[in-house]
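Below is one structure, written out as structure tokens; the observations come after it.
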Amino acid sequence: RKQVQSLDNYEDHFEEILYRPFDKRYIFYHSSLIERTRQEVMCHMLEKENLGLITHKREELDIPWSHALITSCITEHGALSTKTTNYHFPLYLYQVKENTRRSSATIMMVFDEQAKYYVCKPNIDAMLYEELHKAFKKKPTPEDILYYIYGIFYSNTYREKYAVFLKIDFPRVPFTSDYELFKQIGKFGKQLAELHLLKSERLNKSIARFQGAGENDRIEKVQYNETDQRIYINQEKYFEGIPPAVWNYHIGGYQVCNKWLKDRKGRLLSLAEIEVYCKIITAIHFTIKIHKEIDPIYENAENSILIV
């Protein structure tokens, strides 16, 4: 309490945090209240606009692997699972201020463990850039590489083929030597990223609608009716137009549509929250479609693997 009271700029410490898939909250991000701030990693999500990839090293639950999500803010350690801590990989590393400097050995890097800080440095190993440059005859951007990785992680073929390994270690990325395949998978990865950040134009027309009689918008009991394709929040109000595949869709250890509502049980849904939830349903709908579109391209990419 004394530390917080002594802060001249305490308002600057309120930050947006990804608590669960599609579920952003606000947190007072300061060591006086947070035991493990992981400032050496999260500082790169606070300095300027950035993207981060979160994933797991292992999964203790006996569930299919779906542990990859993109974020534009800091993340809670259980954002992907209640059983396993997720790892957060910023796309860019920003110069650390003197009073928050950390040993380079503690900095979470995607590939490059010995890189030094610059004003803004991609968090990607220089050797990977070099090998991709040789194969493609052109140098991809950091975003190109991130979107390619994201597209790979959302291939059902990839998830099934490497299911055993994905349970016990970090996901490995098979980079293709074919530039056109690289761009095609990256295109899908970018579409997925925009959907999962709720920034895609596809979300402007929702597949879901909030319906029902009366004025009771309180979440009392979440129930899904597969026949009517409705998610009821109480006896009168419901979201309709939700296919079973969307309702059952998981990211990490969470059934997204169910988890988002259950975490708000007892609360009145605001108009803004209703709009966000309809966007989440729509984002999952298009994610499932992209899963199927990536698979045949991924299979071609597997036949042209670049050894890095």
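When a residue number appears, it is its place in the shown sequence, counting from 1.
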Item to complete: Please check if any side-chain donor atom of His67 sits under 3.5 Å from a side-chain acceptor atom of Thr55, or the reverse.
Response: no
Worksheet item: Would you say Leu269 and Tyr19 are hydrophobically clustered, going by side-chain heavy atoms of ILVMFWY under 4.5 Å?
Response: no
Worksheet item: Can you tell me how far NZ of Lys161 sits from CD of Glu299, rounded to the nearest 0.5 angstrom?
Response: 9.0 Å
Worksheet item: How many angstroms lie between atom SG of Cys278 and atom NZ of Lys205, to the nearest 0.5 angstrom?
Response: 14.0 Å
Worksheet item: Can Tyr150 and His196 be said to form a ring pair (Phe, Tyr, Trp, His ring centres under 6.0 Å), step by step?
Response: CA-CA 11 Å; Tyr150 206 53; His196 298 166; 5.6 Å; yes
Worksheet item: Between Ile152 and Pro174, what is the shortest heavy-atom contact and its length?
Response: CG2-CD, 4.0 Å
Item to complete: Determine the minimum heavy-atom distance between Pro142 and Ile124, stating which atoms define it.
Response: CA-CD1, 3.9 Å
Item to complete: Could you go through the salt bridge (Lys or Arg N to Asp or Glu O under 4.0 Å) check for Glu220 and Lys265 one step at a time?
Response: CA-CA 6 Å; Glu220 297 174 354; Lys265 187 175 180 180; over 6 Å; no
Worksheet item: Would you find a donor on one side and an acceptor on the other, under 3.5 Å apart, between the side chain of Glu131 and the backbone of Leu128?
Response: no
Worksheet item: Taking a hydrophobic cluster as the set of Ile, Leu, Val, Met, Phe, Trp and Tyr residues connected by side-chain heavy atoms closer than 4.5 Å, whether directly or through intermediates, do Tyr238 and Phe210 fall within one such cluster?
Response: no
Discussion item. Working note: Ser81 + Glu59, criterion side-chain hydrogen bond (donor to acceptor under 3.5 Å, both in side chains); need CA distance, chi angles, decisive distance, verdict.
Written reply: CA-CA 8 Å; Ser81 175; Glu59 176 52 62; 3.2 Å; yes
Item to complete: Decide ring pair (Phe, Tyr, Trp, His ring centres under 6.0 Å) for Tyr87 and Phe170; before the verdict, give the C-alpha distance in whole Å, the side-chain angles of both, and the deciding distance to 0.1 Å.
Response: CA-CA 9 Å; Tyr87 288 77; Phe170 286 116; 4.8 Å; yes
Worksheet item: Are Leu203 and Val256 connected in a single hydrophobic cluster, I mean Ile/Leu/Val/Met/Phe/Trp/Tyr linked by side-chain heavy atoms less than 4.5 Å apart?
Response: yes
Discussion item. A quick test of your reading: do over 12 heavy atoms of other residues, nucleotides or ligands sit less than 6.0 Å from CG of Asp62?
Written reply: no
Worksheet, complete the sentence: Correct closest heavy-atom pair for Met45 and Ser72 would be CE-C, 3.7 Å
Worksheet item: Nearest 0.5 Å, what's the CD1-CG distance between Ile219 and Asn216?
Response: 10.5 Å
Fill in: Criterion salt bridge (Lys or Arg N to Asp or Glu O under 4.0 Å) on Lys289 and Glu293, from CA distance to verdict
CA-CA 7 Å; Lys289 292 185 66 176; Glu293 294 172 359; 5.4 Å; no
Worksheet item: Less than 6.0 Å separating the ring centroids of Tyr232 and Phe239?
Response: no
Worksheet item: How long is the span from the CG atom in Leu181 to the CD1 atom in Ile297, to the nearest 0.5 Å?
Response: 7.5 Å
Worksheet item: Shortest non-hydrogen contact from Gly266 to Arg218?
Response: O-NH1, 2.8 Å
Fill in: Atom CZ of Arg25 with >12 non-hydrogen neighbours under 6.0 angstrom
yes
Worksheet entry | Atom pair CZ (Phe89) and CD1 (Ile70), whose distance is rounded to the nearest 0.5 Å | 13.5 Å
Worksheet item: Is the shortest heavy-atom distance from the side chain of Leu46 to the side chain of Glu15 under 4.5 Å?
Response: yes
Discussion item. I'd like to know if the side chain of Thr282 pairs up with that of Ser206 as donor and acceptor (distance under 3.5 Å, no hydrogens or angles considered).
Written reply: yes
Worksheet item: Less than 4.5 Å apart, any side-chain heavy atom of Leu197 and any of Leu51?
Response: yes
Practice prompt. Output, in order, the C-alpha distance, side-chain angles, deciding distance and verdict of side-chain hydrogen bond (donor to acceptor under 3.5 Å, both in side chains) for Tyr254 and Arg20.
Written response: CA-CA 8 Å; Tyr254 303 114; Arg20 295 292 182 263; 3.0 Å; yes
Worksheet item: More than 12 foreign heavy atoms under 6.0 Å from CZ of Phe28: is that the case here?
Response: yes
Discussion item. Between Tyr277 and Trp260, is the ring centroid distance below 6.0 Å?
Written reply: yes
Item to complete: Measure the acute angle between the ring planes of Phe182 and Tyr179, then classify it against the limits of 30° and 60° as parallel, tilted or perpendicular.
Response: parallel
Discussion item. When you measure from the side chain of His30 to the backbone of Ser32, do you find a donor-acceptor pair of N or O atoms at a distance under 3.5 Å?
Written reply: yes
Discussion item. Do Lys262 and Val222 have side chains that approach each other closer than 4.5 Å (heavy atoms only, starting at C-beta)?
Written reply: yes
Worksheet item: Yes or no on salt bridge (Lys or Arg N to Asp or Glu O under 4.0 Å) for Lys57 and Asp169, after CA distance, side-chain angles and deciding distance?
Response: CA-CA 5 Å; Lys57 187 176 182 179; Asp169 203 350; 5.2 Å; no
Worksheet item: Would you say Thr176 and Tyr298 make side-chain contact, with heavy atoms under 4.5 Å?
Response: no
Worksheet item: Which one of Thr287, Ile290, Asp295 satisfies the side-chain contact (heavy atoms from CB on, under 4.5 Å) criterion with Tyr154?
Response: Thr287
Worksheet item: Is the Tyr158 ring parallel, tilted or perpendicular to the Trp65 ring (thresholds 30°, 60°)?
Response: perpendicular
Item to complete: Using a cut-off of 6.0 Å, state whether more than 12 heavy atoms not belonging to Arg58 lie near its atom CZ.
Response: no
Practice prompt. Decide yes or no on salt bridge (Lys or Arg N to Asp or Glu O under 4.0 Å) for Glu143 and Lys190, but give the supporting numbers first.
Written response: CA-CA 9 Å; Glu143 287 79 8; Lys190 184 177 181 180; over 6 Å; no
Item to complete: Using the ring of Tyr129 (Phe, Tyr or Trp, six-membered ring only), decide whether Lys139 places NZ or CZ under 6.0 Å from its centre and within 45 degrees of its axis.
Response: yes
Worksheet item: Would Ser304 and Asp178 satisfy side-chain hydrogen bond (donor to acceptor under 3.5 Å, both in side chains), going step by step from the backbone distance to the final call?
Response: CA-CA 7 Å; Ser304 58; Asp178 187 314; 5.3 Å; no
Worksheet entry | Heavy-atom pair of closest approach, residues Tyr92 and Cys120 | CD2-SG, 3.6 Å
Fill in: Value rounded to 0.5 Å, distance of NZ in Lys199 from CD in Glu194
9.0 Å
Discussion item. Would you say the ring centers of Phe175 and Tyr148 fall short of 6.0 Å from each other?
Written reply: yes
Worksheet item: Run the side-chain hydrogen bond (donor to acceptor under 3.5 Å, both in side chains) check on Thr75 and His88 step by step: do they pass?
Response: CA-CA 8 Å; Thr75 51; His88 188 126; 2.8 Å; yes
Worksheet item: Do you know which two heavy atoms are closest between Tyr162 and Glu302, and how far apart they sit?
Response: OH-OE2, 3.0 Å
Worksheet item: How about Lys24 and Cys73: do any of their side-chain heavy atoms sit closer than 4.5 Å?
Response: yes
